[in-house]
Amino acid sequence: MTNTQFQTKVHNFSAGPGILPQVAIDNSIKAIQNFAGMDLSILEISHRSKQFEAVMADAVQMVKDLLGVPVGYSVLFLQGGASMQFCMIPMNLLDENDTAAYLKTGEWAMRATKEAGLFGNVKVVATSENENYNWIPKDYTIPSDCNYFHCTSNNTIFGTEMFSFPESPVPVVCDMSSDIFSRPIDVSKFDIIYAGAQKNMGPAGVTLVIIKDAILGKITRKIPTMLDYRVHIKNGSMYNTPPVFAILVCLETLKWVKELGGVEGMETRNKEKASLLYAEIDRNPLFKGTCAFEDRSRMNVCFILTKPELEEDFLQLAKEKNLSGIKGHRSVGGFRASLYNALPIESVQALVEAMQEFEKLKR
Ligand SMILES: *Cc1c(COP(=O)(O)O)cnc(C)c1O
């Protein structure tokens with residue numbers, strides 16, 4: 001199994017939904033045509049069939065193996081995106097007069113903070129908002145009388161990533177939507193990890209939640225059935241029909257991750273790709289990075305032109321070179337190259353070559 005993605009010639013830097021391994025796409029196509037030798041499509045069989053139950057069990061086991069999930073945690077595949085977790089978390093962990101602590105490091109963290117405010121009190125322990133979220137605050141205290149601390153490991157829009165996590169006196173909840181499976185993490189330091197699949201582990205339509213069972217059942221609020229983690233734990237993510245196909249694509253993607261050395265293998269690849277691109281951004285006088293050096297994300301690389309009036313010209317060159325999805329998010333401007341797991345280093349090399357060619361053209 002190798003990643004042949006770069007042979008498609010379009011270099012896919014999309015921020016999300018993002019690039020998937022070609023082998024995962026190929027195997028998913030096969031499952032649409034004839035799933036598990038059933039002569040039926042994965043799209044038209046019961047989620048209670050033993051064949052799909054095996055997919056669910058394998059996907060859960062794969063997550064546990066790849067991340068080293070300790071006993072006492074459940075692995076769930078839910079719907080509603082990472083955004084649904086913004087409300088499910090406070091709904092399950094916070095009573096009206098309780099307080100939750102939030103680290104506000106970007107747009108997604110801001111949205112998570114806002115939702116928590118609907119269910120209880122929120123204390124923002126630190127934010128880099130007044131510098132357009134271009135760094136990660138590290139000097140703050142998490143109050144020991146709050147119910148949990150919420151952070152975002154990778155800020156997809158602003159291009160910063162947490163390379164260390166604070167010691168916390170309370171349960172830690174982390175949105176890992178855009179860097180899950182990109183590096184090893186110590187799951188035992190977290191109480192809830194969640195991630196929309198469509199950045200780094202699969203297609204849109206499913207959200208991974210890894211949750212420590214013991215933190216649940218401590219509040220008095222009534223929780224709607226579909227939003228109660230305990231219901232999904234009890235039913236193995238099959239209280240209602242799960243997003244069958246999306247889960248299968250996640251499983252195929254995670255098999256590829258395992259094949260390439262697991263999250264350690266991914267980290268090596270991702271470090272190599274990110275260093276290559278950041279080195280060019282730092283060397284090339286036409287470009288500059290937008291984030292604090294030590295917080296630069298390996299997943300979403302944000303950069304701008306030193307002469308912003310050339311932006312359209314560079315986008316045009318990128319188009320000619322089949323570099324897709326590098327336009328920056330409107331709140332940062334410039335460019336954003338997302339280097340998710342499945343992006344081959346050849347694509348980063350192609351981007352670097354385009355930047356060098358642009359330098360020669362515009363000097
Ligand atoms: C994309 C993203 C989200 C939103 O995910 P949805 O699945 O679209 O709700 C939340 N958090 C982070 C860090 C993201 O990158």
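Order of listing sets the numbers, starting from 1, for every ligand and every atom in it. Not measured: the values here are computed from a predicted model.
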Query raised in the report: Okay, side chain of Ser237, backbone of Ile233: is any donor-acceptor separation there less than 3.5 Å?
Result: no
Requested in this report: Among all protein heavy atoms, pick the one closest to atom 9 (O) of ligand 1 and tell me residue, atom and distance.
Outcome: Ser83 OG, 2.6 Å
Query raised in the report: Applying a 4.0 Å heavy-atom criterion (strictly less than), which segment of Phe86 is in contact with ligand 1: side chain, backbone, both, or neither?
Result: side chain
Query raised in the report: How does Arg111 reach ligand 1, by side chain, by backbone, by both or by neither, if only non-hydrogen atoms under 4.0 Å count?
Result: neither
Report summary line: Looking only at protein heavy atoms, what sits closest to atom 5 (O) of ligand 1 is Ala82 CB, 3.5 Å
Requested in this report: For ligand 1, note which part of Lys199 has a heavy atom under 4.0 Å away: side chain, backbone, both or neither.
Outcome: side chain
Report summary line: In this structure, atom 4 (C) of ligand 1 is nearest to the protein heavy atom Trp108 CZ3, 3.5 Å
Query raised in the report: Hey, which atoms in ligand 1 end up nearer than 4.0 Å to a heavy atom of Gly81?
Result: 7 (O), 9 (O)
Query - Glu359/Arg283 ion pair, N-O < 4.0 Å - result: yes
Query raised in the report: Is it true that Phe303 and Tyr278 have ring centroids separated by less than 6.0 Å?
Result: no
Query raised in the report: What orientation do Phe358 and Phe314 show, parallel under 30°, tilted 30 to 60°, or perpendicular over 60°?
Result: perpendicular
Query raised in the report: With the threshold set at 4.0 Å, does a side-chain nitrogen-carboxylate oxygen contact exist between Arg221 and Glu96?
Result: no
Query - Protein residue, atom and distance nearest to atom 11 (N) of ligand 1, heavy-atom basis - result: Asp175 OD2, 2.6 Å
Query raised in the report: In terms of ring plane angle, is the pair Tyr194 and His150 parallel, tilted or perpendicular, where the classes change at 30° and 60°?
Result: tilted
**Report entry** Polar contact flag, side-chain donor to acceptor under 3.5 angstrom, Thr105-Asn155
**Finding:** yes
**Report entry** N-O pairing of Arg269 and Glu272 below 4.0 Å
**Finding:** no
Query - Where ligand 1 meets Gln198 - atom numbers and elements under 4.0 angstrom, heavy-atom basis - result: 5 (O), 6 (P), 7 (O), 8 (O)
Query raised in the report: Which residue owns the protein heavy atom closest to atom 15 (O) of ligand 1, what's the atom, and how far is it?
Result: Thr156 OG1, 2.4 Å
Report task. Check ligand 1 against Ser177 and write out every atom of the ligand that is under 4.0 Å from a heavy-atom position of the residue. Result -> 10 (C), 11 (N), 12 (C), 13 (C), 14 (C), 15 (O)
Query raised in the report: So, is Asn154 polar-close to ligand 1, with some N/O to N/O distance under 3.5 Å?
Result: no
